[in-house]
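For reference, the structure is listed below as structure tokens.
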Protein chains: 2
Amino acid sequence: MVGIGFNGHAQEELFGGQQIVSPEIHEDDTVTFRFMAPNADSVKLTGDFLPTEKIKTPMGEMDVPKKVSLTKDDKGIWTYTTEALSPELYSYSFLVDDLKAIDPNNPFLIRDVASVTNVLLVGDGQADLYRVNDVPHGSVAKRWYDSPGLDMDRRLTIYTPPGYESSTEKYPVLYLLHGAGGDEEAWMDLGRTSQIMDNLIAQGTAKPMIVVMPNGNVSQDAAPGLGSDGYFKPQFMAPQTMNGTYEYNFMDIIKFTENNYRVIADKEHRAIAGLSMGGFHSYHISRYYPNTFDYVGLFSAALMPREDASGKVYTDIDKGLKTQMENGYNLYWIGIGKTDFLYKANEEYRKKLDHMGMPYEYVESEGGHIWRNWRIYLSQFAPKLF
Amino acid sequence: MVGIGFNGHAQEELFGGQQIVSPEIHEDDTVTFRFMAPNADSVKLTGDFLPTEKIKTPMGEMDVPKKVSLTKDDKGIWTYTTEALSPELYSYSFLVDDLKAIDPNNPFLIRDVASVTNVLLVGDGQADLYRVNDVPHGSVAKRWYDSPGLDMDRRLTIYTPPGYESSTEKYPVLYLLHGAGGDEEAWMDLGRTSQIMDNLIAQGTAKPMIVVMPNGNVSQDAAPGLGSDGYFKPQFMAPQTMNGTYEYNFMDIIKFTENNYRVIADKEHRAIAGLSMGGFHSYHISRYYPNTFDYVGLFSAALMPREDASGKVYTDIDKGLKTQMENGYNLYWIGIGKTDFLYKANEEYRKKLDHMGMPYEYVESEGGHIWRNWRIYLSQFAPKLF
């Protein structure tokens with residue numbers, strides 16, 4: 001007889017709960033989902049492995065996964081089995097009589113903005129990069145840095161590569177920025193950054209590097225629940241998210257990193273990349289400080305001008321880009337999915353760069369504005385660094 | 001127009017979802033819970049702020065929170081308002097037509113063993129210790145240590161106090177152990193350890209110290225989803241959990257800590273404490289290595305003998321305790337709740353200590369085998385250290 005760390009809910013589930021297996025990943029990479037609901041009239045499933053359909057949103061038409069119906073057996077267990085899925089980290093939810101439900105048999109959930117969904121990992125290949133494999137592991141720290149520019153202590157996530165603590169070596173740094181609605185947790189939780197970096201470094205595909213994942217919402221000192229605002233429901237767009245103060249004060253983050261870690265503190269050993277809003281940030285930061293980064297990555301970047309952009313970092317953009325080009329850099333990498341609602345904005349930006357003669361590398365992937373692409377872009381971008 | 005880091009589910013919720021406020025914490029610390037379900041026949045709420053009732057389990061009778069019914073309005077929103085709640089971190093779930101549902105308007109969830117529930121923080125006083133306040137913050141790192149004894153690289157969580165990185169000072173260390181079904185995430189996520197320590201240190205109530213939170217399940221290298229076993233459904237009792245190998249090989253953890261951090265590496269500056277199974281571990285480790293820790297904390301400890309305990313650390317227990325007593329220590333602290341199912345085992349253990357003349361400090365609290373007590377015990381125990 002032993003102790004157990006549970007609360008009342010858990011007790012009842014442990015001792016009285018129904019134990020069914022869901023999701024069940026079969027040898028052929030088909031997946032069976034199960035949900036026990038004897039009295040429900042319908043149980044549906046939605047997940048990013050299902051075919052998509054278009055819906056209208058204030059941001060234009062978007063592709064969202066279809067819903068499929070599960071079939072009920074005589075015990076009240078509803079079941080659905082997918083086609084064979086390609087290797088990936090997928091997310092899904094049930095809809096029970098049209099109400100969203102999490103899978104009570106799968107404790108793995110990831111929050112994305114204010115929404116929480118179950119996740120599963122299928123297959124090998126690319127998905128193996130997202131696994132914890134038998135390779136040396138880096139460390140992940142949550143630190144607080146002083147931002148005099150924003151007049152706050154702020155929280156960030158920092159990955160140091162395997163061997164960092166036991167060596168005296170200095171390392172290059174990738175600054176990796178999240179999208180709107182995200183925070184300093186996003187690249188770890190949704191992006192599997194530490195797993196990707198551990199695996200790429202073990203393969204010899206990427207060089208050992210430090211990865212700094214700050215919080216790009218200047219109205220927050222930390223992610224919801226982990227900062228002074230306590231538990232609050234995160235918004236799609238946090239206040240002041242893109243008023244230029246984040247970009248302007250980014251040097252506080254670089255200064256903290258270079259003062260606190262053994263880094264090679266020069267342009268040749270600094271990279272910046274971000275997804276969506278983080279791509280917007282990376283674009284502006286690398287241009288406003290045009291001799292700071294030798295590597296820039298824009299992942300599904302929000303590149304269109306903002307009507308409400310007022311900060312001084314948003315003035316003289318073309319002049320800044322020209323200076324950045326003239327100063328030179330090693331890599332300016334742009335990746336976007338064919339069905340991304342930002343595709344057109346990226347196309348126009350590329351035309352502008354072409355016109356200026358500003359060199360870049362371009363990758364066009366399948367799919368839209370989704371984490372699947374951002375994990376893939378990171379695994380393509382990181383090996384090109386340093 | 002900006003980018004956003006979302007998946008298909010989030011999109012629909014952001015653009016099509018119903019936005020209601022739940023939970024709403026009122027000025028007088030009553031709380032209103034809301035759930036939108038126009039077509040449901042019943043919506044109930046269960047949470048650890050509700051009165052309890054006894055249920056029978058294989059571990060004997062246990063107290064679990066009652067369920068209360070919500071009231072539906074003409075828009076299909078179900079509502080329940082509590083009495084004024086005392087300051088605490090609470091957890092809750094809905095039951096919609098008797099199926100467990102998370103609160104779609106509250107993105108804060110904590111996993112406990114294999115169960116996930118929503119959480120909320122109410123009031124000040126003790127609850128303020130669980131908040132991120134405007135005080136200096138320590139760092140929290142996830143590290144991998146080599147355990148030659150268990151022939152694995154294993155993951156642990158380590159808290160370093162504010163100022164650690166910028167000083168040359170050496171610090172004392174508290175080893176803080178989780179219960180069955182927990183892992184190296186539990187004391188941070190459910191126990192709010194970094195918040196408690198930051199706040200106690202800022203108050204001057206606790207001395208700056210390092211807190212090491214290892215994984216006590218020797219069959220795992222890391223928490224579910226964060227180790228080489230990938231995503232798996234955690235069990236109440238992991239294999240080999242209490243076969244003595246964890247206790248026997250605990251020196252690997254101490255060695256890692258003392259080799260990698262600026263610590264005062266002597267008995268006077270080492271403490272060990274744990275909850276439930278972690279209390280069992282702390283009891284055995286501190287006794288088997290009887291001149292290692294000057295401070296021992298048993299929080300709702302699983303102290304009864306195990307019939308299947310076979311490891312050599314479980315032999316000669318009385319002799320070991322006597323040696324530990326003769327070697328001397330600063331504090332042997334026992335805390336348990338009046339309704340804990342381990343109350344009796346703790347009572348018997350105290351009788352044994354009384355009989356031996358082995359001194360200890362004893363705190364008997366309200367309530368049972370719950371995280372509320374373990375957070376309180378930590379906030380009582382930490383100020384007594386070093």
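So that the names make sense, note that chain A is the first sequence line, chain B the second, and so on, each numbered from 1.
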Heavy-atom distances under 4.5 Å only: say whether B:Asp134 touches chain A with side chain, backbone, both or neither. neither

From A:Ile102 atom CD1 to B:Ser93 atom OG, the distance as rounded to the nearest 0.5 Å: 8.0 Å

Top residue by heavy-atom pair count (under 4.5 Å) with chain B, among A:Asp340, A:Asp153, A:Leu121, A:Asn259? A:Leu121

Sort A:Asn39 into side chain, backbone, both or neither according to what part of it lies under 4.5 angstrom from a heavy atom of chain B. neither

Applying ring pair (Phe, Tyr, Trp, His ring centres under 6.0 Å), name anything that partners A:Phe35, two or more places apart in sequence or on another chain. A:Phe94

What part of A:Pro162 gets closer than 4.5 Å to chain B, counting heavy atoms only: side chain, backbone, both or neither? neither

Which atoms of B:Phe232 come close to chain A, meaning under 4.5 Å heavy atom to heavy atom: side chain ones, backbone ones, both, or neither? backbone

Which answer fits B:Pro136, side chain, backbone, both or neither, if we ask what part of it has an atom under 4.5 Å from a heavy atom of chain A? neither

Segment of A:Leu120 engaging chain B (4.5 angstrom heavy-atom cut-off): backbone

Are any non-hydrogen side-chain atoms of B:Arg111 and A:Pro107 less than 4.5 angstrom apart? yes

Chain B interface, residue from A:Ala141, A:Ala40, A:Ser166 that has the most non-hydrogen pairs under 4.5 Å: A:Ala141

In terms of heavy-atom pairs under 4.5 Å, which option from A:Gly230, A:Ala186, A:Gly279, A:Pro224 contacts chain B the most? A:Pro224

Looking at B:Met152, B:His137, B:His178, B:Gln195, which has the largest count of heavy-atom pairs under 4.5 Å with chain A? B:His137

Are more than 12 heavy atoms from other residues, nucleotides or ligands located less than 6.0 Å from atom CG of A:Asp146? yes

Just to verify, what does B:Tyr231 make a ring pair (Phe, Tyr, Trp, His ring centres under 6.0 Å) with, not counting sequence neighbours? A:Phe108

Supply the atom-to-atom distance B:Phe256 CZ to A:Glu165 CD, rounded to the nearest 0.5 angstrom. 7.0 Å

Hey, mind stepping through A:Leu99 and B:Val96 against side-chain contact (heavy atoms from CB on, under 4.5 Å) and telling me if it holds? CA-CA 9 Å; A:Leu99 283 177; B:Val96 181; 3.8 Å; yes

Is it the backbone or the side chain of A:Arg131 that comes under 4.5 Å from a heavy atom of chain B, or both, or neither? neither

Exercise: identify the closest heavy-atom pair between B:Val132 and A:Leu226: CG2-O, 3.4 Å

Checking side chain to side chain contact (heavy atoms under 4.5 Å, CB included) against B:Ser139, which of A:Arg155, A:Arg143, A:Lys142 comes through? A:Arg143

Residue A:Arg192 versus chain B: region with a heavy atom under 4.5 Å: side chain

Contact leader toward chain A among B:Ala37, B:Ala101, B:Gly227, where contacts are heavy-atom pairs under 4.5 Å: B:Gly227

Separation of B:Asp103 CG from A:Lys233 NZ (nearest 0.5 Å): 8.5 Å

Please classify the contact between B:Ile25 and chain A as side chain, backbone, both or neither, with a heavy-atom cut-off of under 4.5 Å. neither

